[in-house]
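Since the structure comes first, as structure tokens, the remarks are kept for the end.
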Amino acid sequence: AQLPPIKVGVLHSLSGTMAISETTLKDTVLMMVDDINKKGGLLGRRVEAVVVDPASNWPLFAEKARELIQKEKVDVVFGCWTSVSRKSVLPVFEELNGLLFYPVQYEGEESSRNVFYTGAAPNQQAIPAVEYLMSKEGGEVKRWVLAGTDYVYPRTTNKILEAFLKAKGVAPADIMINYTPFGHSDWQTIVADIKKFAAAGKKTAVVSTINGDANVPFYKELANAGIQAKDVPVVAFSVGEEELAGIDTKNLVGHLAAWNYFQSVKSPVNDAFIKQWKAFIKNDKRVTNDPMEATYIGFKMWTQAVQQAGTTNVDAVRQAMYGQKVMAPGGFESVMNTNHHLSKPVLIGEIQANGQFEIVWQTKGPVKADAWSKYIPESAKLTADWTYPWVCGNCEKPKY
Amino acid sequence: MLNVETIDLFYGASHALRRVSIAAEIGKVTCVLGRNGVGKTSLLRAIFGLQSIRSGRIMWDGEDIAGLKPHERARKGLAIVPQGRDIFPRLTVYENMLTGFAPLAKPLRTIPEEIYQLFPVLKSMLNRRGGDLSGGQQQQLAIARALITRPRLLILDEPTEGIQPSIIKDIERVIKLLAARGDMAILLVEQYLDFAQELADTIVVMERGEVVMNGPKASLDAERMRRYLTV
Amino acid sequence: MTDTPNDGAPRRSLLTPRGWAVFLAFGFALVVVLPILNRVVVTGSFTHVPDYLIPLIGKYCTYAMLALAMDLIWGYAGILSLGQGAFFALGGYCMGMYLMRQIGDRGVYKNAQLPDFMVFLNWKELPWYWHGFDMFWFAAIMVVLVPGALALIVGWLTFRSRVTGVYLSIITQAMTFALLLAFFRNNMGFGGNNGLTDFKDILGFPIQAQSTRVGLLIASAIGLGATYLICRWIVNSKLGRVLLAVRDAESRVRFLGYSVTGAKLFVFVVAAMLSGIAGALYVPQVGIINPGEFSPAASIEIALWVAVGGRGTLAGAVIGAFLVNIAKTWLTGAAPEIWLFFLGLLFIVVTLLLPRGVVGLVADQRERWRARQAARQAQAAEAAT
Amino acid sequence: MSWLMARLRAVAVATAIALAAALAASPACAQQFDELIRKLASDDFGEKLDAAEKLGALGDGRAIPALKALSDGTLFLRKADGAALIADGARYFEAVGGKALGELPAGDVEKVRANNRLRGAISASLSKLSLFSDDRATRLAAAREAFKSPTPETAAALERALKSEKDPEILTAIRFSLNAAKVRAGSVEDRLKAIATMAGTADPQVKNLLTGVSNDKDAPPEVRKAAAEALVSIERTLAIVGVAENVFQGISLGSVLLLAAVGLAITFGVMGVINMAHGEMIMLGAYTAYTVQIVCRALLPKEFVGFYLVISVPIAFVVAGAVGILIERTVIRFLYGRPLDTMLATWGLSLILQQAVRSIFDAQNKEVANPAWMTGGFELIPGFFVAWNRLYIIVFCLMVLLAIVALLRRTSFGLHMRAVTQNRDMAAAMGIPTARIDALTFGLGSGLAGIAGVALSQVGNVSPNLGTIYIVDSFLVVVFGGVGNLLGTLVGALSLGIINKLLEPVAGAVLGKVAVLVFIILFIQRRPRGLFALKGRAADS
Amino acid sequence: MSAAQSENGRTTTPRRAETLLYLDGVSVSFDGFKALNELSLVIDRGELRTVIGPNGAGKTTMMDVITGKTRPDEGTVIYGADTDLTRLDESAIANLGIGRKFQKPTVFENLTVFENLELAARDSRGIFRTLLAKLSGTDLARIDETLATTGLVEHRHRQAGALSHGQKQWLEIGMLLIHEPQILLLDEPVAGMTDHETEQTAQLIRRLTGKHTLVVVEHDMQFVRDLGARVTVLHEGSVLAEGSIDHVQAHPRVIEVYLGR
Ligand SMILES: Nc1ncnc2c1ncn2[C@@H]1O[C@H](COP(=O)(O)OP(=O)(O)OP(=O)(O)O)[C@@H](O)[C@H]1O
Ligand SMILES: Nc1ncnc2c1ncn2[C@@H]1O[C@H](COP(=O)(O)OP(=O)(O)OP(=O)(O)O)[C@@H](O)[C@H]1O
Ligand SMILES: [Mg+2]
Ligand SMILES: [Mg+2]
């Protein structure tokens, strides 16, 4: 008999400001669904993707999440990019006991029973990057510009970094923090300021948590102002292959990004992943990036967990998720921890003239994500652990 | 020669012109009279295509122009001095006059000296914005602008409104002159009866959207006409 | 909720008897029937209203309130505010602050004094402007007062100096844009881009309970009804005609001795307050308030609802708000990749084919019918003679 | 810590001074040169670094191409024998001797990787080597570059260069850089003398150098004092330069605003159509530039590809203009006299256009390259950097504006356009073909937006959202300047740009922008019809 | 300059000593062009005054100054005992009892004829009063009466925008009548009217004289004669002549600049 399909909700903006980034993730999920159906489906059932467009509108995310779970009765949802969209849907998933896979690097400080976070937490991206720049190989940077868009992720990351830098003995005068509005498009003043700040003689680097649309004008301005990576390297946490595809990188060679994945990773899994993607999207120019890999990992893990549990029941799948391992395109085996975050390696890549990153440094092995940062006093006390006896995303003692 | 043949005009459901027919001959002044709201302005606008008619024909030079756009009618030699003047408020006086070149061939694009003779005030105000002029000055500008297009059918909707007596006399002289030149048909709507009677060769009287009297000035019953204009 | 277009006969009563009938029927459907169909009728039954529809309809109601407010100032007084969303958002923030304070120590950091986002950005104490919002009555007053006060200040400044037309539209747009940027800043103490979320309960009722949702729907429906009546009353009064006159020939109204500034200010403030209430009802139903509500595009959209429904008719505003938003809800799910084509087409088609909106279409049909009727009678009379 | 770091640490770095002493033009030396070049192609970063530094010290100009290649990522390693090769496109040359090898199979060679540390070392070496280059510009650049690494060995190289150099400008640069090296170390007298010669130069680099000296606890007190004194006047000058720079940035921002707004000044300002799809017309222009770029890359020889931008301008004008005309004929023309309805319809259009671009080009940002002649910039005065693309955009935008003003004021098309928009019926009665004028006017406005899109693609994103970024600002500029007044639009855009840039350093980017908005709100209270409002009766009608 | 000094002819207006409106040395210029040039004028309570003068003489501008639409560069406009109108805004001036009919008819096009009159009716102008206002029987009667006077009875419920030019003129006069201001300023009230209507209007205006103060601007000399009032001739922004119609019509300068030969 024909069993009803397993439904997978896809909750990514296909229009509005975030469509630039999120449509790719929608396509990634569709690719994975396609792939699993080709392999005969899951639990003998076909997998069907239910795509909706929350249109970069945060309340609409919550509404669509509810629609997916209550009306479409999906078994799992892959979705969200911005923190605010995640915050918006969180209560819905908790109320209706749904399951969300969130694939983007974020500020941490969250752990929900109903969400698996497959992107990086700050300790998997920011701190290793700064450590690298401080090292001899990274250029022994002594002076830091923390430039970000004014919202929670940059604020948190910069707070953590500031605490980290001070702990490493960097003087406050050697740290410049700058926030800009969303979609900031005129970077003349800030780039000129960076130039002046860097002229002080000490080796200077920029740590950029600039978000989305603002990056292109920022890098264009950097290039035109003649700031070269060898003088003032910029390390970014939100700029990947996809973003670079919109920029002419000839004059940006040597600037850096820290991620858990780059398209240039040499591994059989990655080769297959890239091939699969290009075939699916039918465009040789399209690139892969970190959130796509996170989506890939999340999807693989979910299918494994479903197979292991033998059902798509959320509680059973959740239990089966813990300790789930996937050979990631990033070249390592990623593991889902009981804090609903992954252990992943951290890579640092240099921008190349062809818009790709070349990996110049990487951690020896996977780094375990901290849901709660050690560098925020209130948060350092908290534990996220969803296995007995903790069963808790934010407590100081075991819950039961 | 203009021949309007049984045209009907509606504003939504209201029937503003009912089977109206009039004629205007070259070299003659045809004057349309009637009380407020009988449809005089509507008739003129219909002739110019600024208001679409439901039925009937508008023959000009033996050709039905009812299907033409207003600017095409202007090219055929029609010009209008509308009620309410319709000066381009943010163009200067000079620019307002220049708009009169639009239907003209290149060599004809000059402002005839007689315009300034007729309306000396315009010459001193060439760079003032049209909208800033006083009401009477605007009226003068509107007439000047129409004359610049060298029309063969000049349509005037209450041209004396708001104009000082001495200039009304001048306008009267000009209209006479233009008619006498014999190359222009003049269609005039006027409330100022003395003025109309002084100028008109033919008089048309309207009442509630219909033509009720029509004929050479002398042939019309003055008493009946007065009745139509008073009740 | 019927609106006859202004046919000139002065209307003395608030609604015509037929108007009352329609009004009450709608009210009954929203306030009584829907809740029963959701709560009493068993799940799976044909007439059961699924749970997810309840907050959705509640949301539409608050949008319709907002549209009414917009129509009051735009359709009647000719003030095209492209910043009406700001008042809505401010009302929403006031409510959000109350809801945040209700969380108490149930936040992730267990801090009874400070909301999570403050703890996490190292705030040491509650900013002064957050005080009092732990009390519902205070928050409720603020929901009306804050948007009203902003409208009073902005309106007084602009109307007094006779800023009209697009200049006014752009000023209001600049206002909401400035607020957007300001509320995005984390240092403002309103949660930055993430806004206020993760509410737990309202007036002691758990916000995630279906019964609370039904309660909120009923509150929104009543709010909508009340807003409609208030607007109707203003519009029917002589002031309503002064407003129409202001819309058409502002300076002429002055020469009649009316205070244009006063009249505009009055409706502008009333509309802002109504928008604030709408925002306050909106927030607990969608579960989040964030600066996105201040975005200029959001405010433009409000004007679009009104235009689609029919500017200058109150029923049009309500219908437009429901229509566009239902279309949006449906299309984003049914045609997620190309729904903008449909929405865009909807706007174009409405403007080209229904210049007076959906309500205008109805009115035109009725008019045409009447005209035909009259023609027939005239013919009959002619034939008789 | 890491595998790379460990290896790096293993390499001992010989001091350059020792090497410099050991160097002489000898066969041994030539052999060493070959060896070092070979080492450049090693896969050990430490060795590469070492080689790069040594090559600089060696003073052999032949090393320049190889070093440059390594820095640019065009240095390759022949797998067979480990020889260093330089790639030019698909063709290869030997780094030593320069023998042409033609095309090689991809499997035979491997790219040599560089990192920032290595690039830093290379540029220091290059600057030393380039001091003796045959090319004047290279020497000048090198003399300036030397300022950044004021080490004794740089000083030595500079001293040598001083003897052989003839060009006065380069000599000044060399002396300047030499002073920088001297200020840091040497005898007190020398240092004081160096400070004295530098005191008159207001240059941020000098400032930082002197700040370093004045804060240096190890320096003799008189040197520190002299440095501190020199700093005072330098700082004063720099503050003035800073303001001038801000004003320039403001003008530049203003020109971007103006470009974005100028089409709107026609469609909205002149025609009165509240054109919400204006931003999408800009977007179309930007995508046209993108498409033209692709075509040019495919068709034109490499050195002309940069001209795609010039070609794009007329094409974008035509494309956006044609779309504009199409829109006018199919939608807008039914809506004259109903400005608010045009708002609704054009909003719908903008949604459709955005989605159409998303469907055709996909949602991602598109890369539109800055051609070489638009890249980089120059220092007008020290501390005042002028980027070429900014300068070009300012000039371009003024040219566009002048052209439109001329069109509007001097041609009968302009006259008809204004007449039609002021009173459509009467214009028709005057014999003006209103439908054609309407279509052309809207086309002109849209075409201008298209041109703006080409220019804006040089400074920002090319994405389906491009239009939404500029639409609010465009309306602000047009309204601030006074609707229907092009001069107002110009002054409005420039003053908003300048105010923004003067506020930004004080208030920060976010609050600065809020302050500008509040300023506009308050300003319009004073002038309810914008900066250059029409006065008198004409304004009411 | 007092009214008595320029008295050269006969006048039908009963002379009363009380001055209601006093323009004192009013000058207005637009971009250097002097539209009013130290214009001084005295209007007594209950007087009917006609003002004539060439196109562009400044007649409309004078009304603009009185009603607060234009601020004079110099001079004051004193109303009643000591109210300086140049300091007040339009609605305050209107509330003092100064009503105006514009040269170009301006009515509320989207309101019906009835509603236009209703708004103009003498009633409180306060915001909350208008919000709560009710039409009383006397109000309705007043409106009906005005409709009859202006010949607009059958157009009662039509939108004012759909009226013909002349009908709008009448409606605007009607609005002024129902407003019952102290002073009525009429800018070319008979433009676009038939001769018969012009006569009617003249009668109407004469009826109002005494109870109201009227200032009428016209170019129709027959109408001016019918009014039989004191005439002021403006030229280039100041008074050229003043007196009875016969006096003025015989004035050589007036003939030269205005009447023509
Ligand atoms: N735009 C319109 N919509 C509806 N009805 C109109 C419109 N314009 C005119 N009418 C009506 O059509 C009729 C004729 O108007 P028209 O303007 O032609 O009169 P007229 O003879 O020129 O009057 P007047 O002497 O006052 O200028 C009037 O009853 C008027 O109310
Ligand atoms: N804003 C302005 N800018 C320039 N000139 C102006 C402006 N407003 C009025 N004028 C000029 O002032 C003069 C007086 O105009 P006003 O309208 O008062 O004349 P008027 O006596 O009413 O004439 P008419 O009898 O033609 O109505 C005119 O010459 C007019 O052109
Ligand atoms: Mg007429
Ligand atoms: Mg006048």
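A, B, ... follow the sequence lines: proteins, then strands. Residue 1 opens every chain.
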ask   = For D/Glu245, is it the side chain, the backbone, both, or neither that has a heavy atom closer than 4.5 Å to a heavy atom of chain A?
value = side chain

query = Which one, D/Thr468, D/Asn500, D/Leu253, D/Ile122, leads in non-hydrogen pairs under 4.5 Å with chain A?
reply = D/Leu253

ask   = Heavy-atom distance under 4.5 Å to chain D: side chain of A/Thr249, backbone, both or neither?
value = neither

request  = Under 4.5 Å, counting heavy-atom pairs only, tell me which of A/Leu244, A/Asp213, A/Thr23 racks up the most with chain D.
outcome  = A/Asp213

Pick from A/Gly139, A/Ser21, A/Ala229, A/Ala192 with the largest number of heavy-atom pairs that fall under 4.5 Å of chain D = A/Ala229

ask   = Between D/Trp388 and D/Phe378, how do the two ring planes meet: parallel, tilted or perpendicular, split at 30° and 60°?
value = tilted

message = Is the ring pair D/Phe361/D/Tyr287 parallel, tilted or perpendicular, if the boundaries are 30 and 60 degrees?
response = tilted

request  = Tell me, for A/Asp186 versus chain D, whether the close heavy atoms (under 4.5 Å) come from the side chain, the backbone, both or neither.
outcome  = both

query = Which region of D/Thr211, side chain (C-beta onward) or backbone (N, CA, C, O), has a non-hydrogen atom less than 4.5 Å from a non-hydrogen atom of chain A, or is it both or neither?
reply = neither

query = Checking heavy atoms, do the side chain of A/Gln188, its backbone, both or neither come under 4.5 Å from chain D?
reply = both

query = By a 4.5 Å heavy-atom criterion (distance strictly below it), what part of A/Gln352 contacts chain D: side chain, backbone, both, or neither?
reply = side chain

Contact class of A/Ala353 relative to chain D, heavy atoms under 4.5 angstrom = neither

inquiry  = For the CG atom of A/Leu256 and the CG atom of A/Leu347, what is their distance to the nearest 0.5 Å?
reply    = 12.5 Å

task = Please check if any side-chain donor atom of A/Asp193 sits under 3.5 Å from a side-chain acceptor atom of A/Asn178, or the reverse.
result = no

request  = With a 4.5 angstrom heavy-atom cut-off, could you sort out which part of D/Asn465 is near chain A: side chain, backbone, both or neither?
outcome  = side chain

ask   = Which residue out of A/Ala223, A/Ala225, A/Gly183 racks up the most heavy-atom pairs below 4.5 Å with chain D?
value = A/Ala225

inquiry  = Is there a side-chain contact between A/Asn158 and A/Tyr179 in this structure, where contact means two heavy atoms from C-beta onward sitting under 4.5 Å apart?
reply    = yes

Cation-aromatic face contact D/Arg297/D/Tyr308, 6.0 Å, 45 degrees = no

key: Sidechain-backbone polar pair: D/Ser125 side chain, D/Ala52 backbone, donor-acceptor under 3.5 Å   = yes

query = Among D/Asn365, D/Ile469, D/Leu511, which has the most heavy-atom pairs under 4.5 Å with chain A?
reply = D/Asn365

task = Give, as side chain, backbone, both or neither, the part of D/Gln249 having an atom under 4.5 angstrom from any heavy atom of chain A.
result = both

request  = Please answer whether the main-chain N or O of A/Ala147 pairs with a side-chain N or O of A/Thr209 as donor and acceptor at a distance below 3.5 Å.
outcome  = yes

note = Counting heavy-atom pairs under 4.5 Å with chain A, the top scorer among D/Ala121, D/Ala387, D/Gly376, D/Ser252 is D/Gly376

ask   = So which of A/Thr17, A/Asp150, A/Thr363, A/Leu14 has the largest heavy-atom pair count under 4.5 angstrom toward chain D?
value = A/Thr17

message = Testing the 3.5 Å rule here: is there a donor-acceptor pair between the side chains of D/Gln355 and A/Ser15?
response = no

query = Is it true that a side-chain atom of A/His184 and a backbone atom of A/Ala214 form a donor plus acceptor pair closer than 3.5 Å?
reply = no

ask   = Where on D/Val459 is there a heavy atom nearer than 4.5 Å to chain A: the side chain, the backbone, both, or neither?
value = backbone

Contact origin within A/Lys195 toward chain D - heavy atom pairs under 4.5 Å = side chain

request  = Heavy atoms only, distances under 4.5 angstrom: which of D/Thr375, D/Asn461, D/Val510 has the most pairs with chain A? Name it, please.
outcome  = D/Asn461

key: Check: A/Tyr151/A/Asn211 side-chain N/O donor and acceptor closer than 3.5 Å   = yes

message = Are more than 12 heavy atoms, taken from residues, nucleotides or ligands other than D/Lys68, located less than 6.0 Å from that residue's NZ atom?
response = no

message = To the nearest 0.5 Å, what is the distance between CZ on A/Phe357 and CG on A/Asp290?
response = 10.5 Å

inquiry  = I'd like to know which of D/Val256, D/Leu118, D/Asn370, D/Val462 tops the heavy-atom pair count under 4.5 Å against chain A.
reply    = D/Asn370

ask   = Between D/Ser457 and chain A, which part of the residue has a heavy atom less than 4.5 Å away: side chain, backbone, both or neither?
value = backbone

task = May I ask you to check if D/Arg390 and D/Phe248 form a cation-pi contact, with NZ or CZ under 6.0 angstrom from the six-membered ring centre and within 45° of the axis?
result = no

inquiry  = Let's test your reading of the structure: which of D/Lys366, D/Lys501, D/Gln354 forms the most heavy-atom pairs below 4.5 Å with chain A?
reply    = D/Lys501

key: Most contacts with chain D, counted as non-hydrogen pairs under 4.5 angstrom, among A/Val216, A/Asn224, A/Asp248   = A/Asn224

task = Output the distance between atom OG1 (A/Thr24) and atom CH2 (A/Trp81), rounded to the nearest 0.5 Å.
result = 7.0 Å

key: Side chain, backbone, both or neither of D/Asn389 within contact of chain A (heavy atoms, under 4.5 Å)   = side chain

key: Atom group of A/Gln228 that falls short of 4.5 Å from chain D, counting heavy atoms   = neither

